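Structure first, then comments.
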Amino acid sequence: MNHDRRMSLAAQRLALAKNLRRNATPSEQQLWSVLRAGRCGGFKFKRQVPISRFVADFACLEAWLIIEIDGESHDGTVEEDEIRSTVLSELGYHVIRFTNEDVHSNLEGVWQLIYDTCVQRIVGKTCG
């Protein structure tokens with residue numbers, strides 16, 4: 001019975017992720033246009049990825065990096081976002097948060113920070 005419940009929760013997260021992919025925000029669409037298909041220096045990103053009990057906006061599993069875009073839906077959720085980031089960090093992920101405005105006004109800078117962080121995390125794993 002417990003196994004059925006876990007499968008049900010996993011199926012629910014997967015359905016949520018698919019729905020979020022279909023209904024991406026303009027900021028998510030804009031960032032995805034520069035991350036998809038290895039466009040971030042060859043690093044492969046996925047979008048709306050179920051991880052633990054959350055669905056990450058974007059994830060580079062190779063670099064253990066999660067990118068979150070905080071828009072209006074995150075207004076008033078600072079504490080929840082901090083808990084989410086802490087849990088994901090405890091799982092080994094590094095979380096970077098950007099606002100919608102960051103993506104719209106400085107897409108190149110956002111991309112550069114994501115790329116640099118991926119490189120740092122990969123180099124750190126191979127050298128450390």
Side-chain angles (χ1 to χ4, degrees):
M1 181 111 160
N2 197 13
H3 176 70
D4 292 338
R5 183 167 183 251
R6 278 184 285 175
M7 292 299 288
S8 175
L9 290 174
Q12 288 175 11
R13 277 193 300 273
L14 208 54
L16 174 62
K18 286 180 181 180
N19 185 46
L20 290 170
R21 275 189 225 100
R22 280 192 299 270
N23 297 300
T25 66
S27 297
E28 290 170 343
Q29 291 172 4
Q30 190 175 7
L31 185 56
W32 183 238
S33 74
V34 298
L35 293 180
R36 66 188 293 265
R39 293 179 183 162
C40 188
F43 292 103
K44 183 178 179 184
F45 278 84
K46 294 181 176 190
R47 62 190 179 116
Q48 303 304 338
V49 183
I51 299 175
S52 183
R53 64 182 192 249
F54 308 107
V55 177
D57 290 338
F58 301 96
C60 177
L61 301 179
E62 176 186 13
W64 287 73
L65 176 64
I66 292 174
I67 307 300
E68 291 289 318
I69 307 298
D70 295 344
E72 292 174 9
S73 67
H74 287 263
D75 290 348
T77 64
V78 173
E79 187 175 315
E80 291 172 31
D81 290 342
E82 288 175 5
I83 291 168
R84 176 184 174 110
S85 291
T86 298
V87 170
L88 293 169
S89 292
E90 289 171 354
L91 293 172
Y93 292 94
H94 180 74
V95 180
I96 301 176
R97 293 185 171 279
F98 296 103
T99 65
N100 286 338
E101 183 60 29
D102 293 333
V103 174
H104 291 304
S105 66
N106 187 19
L107 185 60
E108 186 175 324
V110 166
W111 180 93
Q112 189 66 55
L113 180 59
I114 293 170
Y115 173 76
D116 291 346
T117 303
C118 284
V119 169
Q120 278 183 319
R121 294 197 44 88
I122 297 298
V123 170
K125 284 183 180 180
T126 60
C127 295

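Model, not experiment: these values are computed from the prediction. Side chains are part of it too, since the values below use all heavy atoms of this structure and drop only hydrogens, waters and symmetry mates.
Considering all non-hydrogen atoms of both residues, V87 and R53 come closest at CG2-NH2, 3.9 Å. Residue A56 comes nearest to I66 through the heavy atom pair CB-CG2, 3.6 Å, listed as atom of the first residue, atom of the second, then distance.
Within the 4.5 Å cutoff, the side chain of F45 has heavy atoms near those of the I67 side chain. Taking 4.5 Å as the limit, every side-chain heavy atom of F58 sits out of range of all side-chain heavy atoms of L65. Counting heavy atoms from C-beta outward, D57 and R47 have side chains that stay 4.5 Å or more apart. Counting heavy atoms from C-beta on, the side chains of L31 and I114 come closer than 4.5 Å. Put simply, the side chain of F43 reaches to within 4.5 Å of the side chain of V119, judged on heavy atoms. Side-chain atoms of Q120 and H94, non-hydrogen and from C-beta on, never get closer than 4.5 Å to each other.
For T99, the side chain to side chain donor-acceptor pair (under 3.5 Å) test picks out D102, with sequence neighbours left out. Applying the ring pair (Phe, Tyr, Trp, His ring centres under 6.0 Å) rule to Y93 yields the partners W64; only residues at least two apart in sequence or on another chain are considered. The side chain to side chain donor-acceptor pair (under 3.5 Å) search around N106 returns none, not counting sequence neighbours. When the side chain to side chain contact (heavy atoms under 4.5 Å, CB included) test is applied to T25, the partners found at least two apart in sequence or on another chain are S27, E28. Judged as a side chain to side chain donor-acceptor pair (under 3.5 Å), and not counting sequence neighbours, Q29 has no contacts. Legend: residues meeting side chain to side chain contact (heavy atoms under 4.5 Å, CB included) with K46, ordered by chain and number and at least two apart, are V49, L61. Judged as a side chain to side chain contact (heavy atoms under 4.5 Å, CB included), and not counting sequence neighbours, the contacts of S85 are V95, R97. Residues passing the side chain to side chain contact (heavy atoms under 4.5 Å, CB included) test with L113 are I96, F98, T117, sequence neighbours excluded.
Pairs engaging residues 30-39 under the side-chain hydrogen bond (donor to acceptor under 3.5 Å, both in side chains) rule: Q30-H104 [sequence neighbours left out].
L91 CG to T86 OG1: the interatomic distance, rounded to the nearest 0.5 Å, is 11.0 Å.
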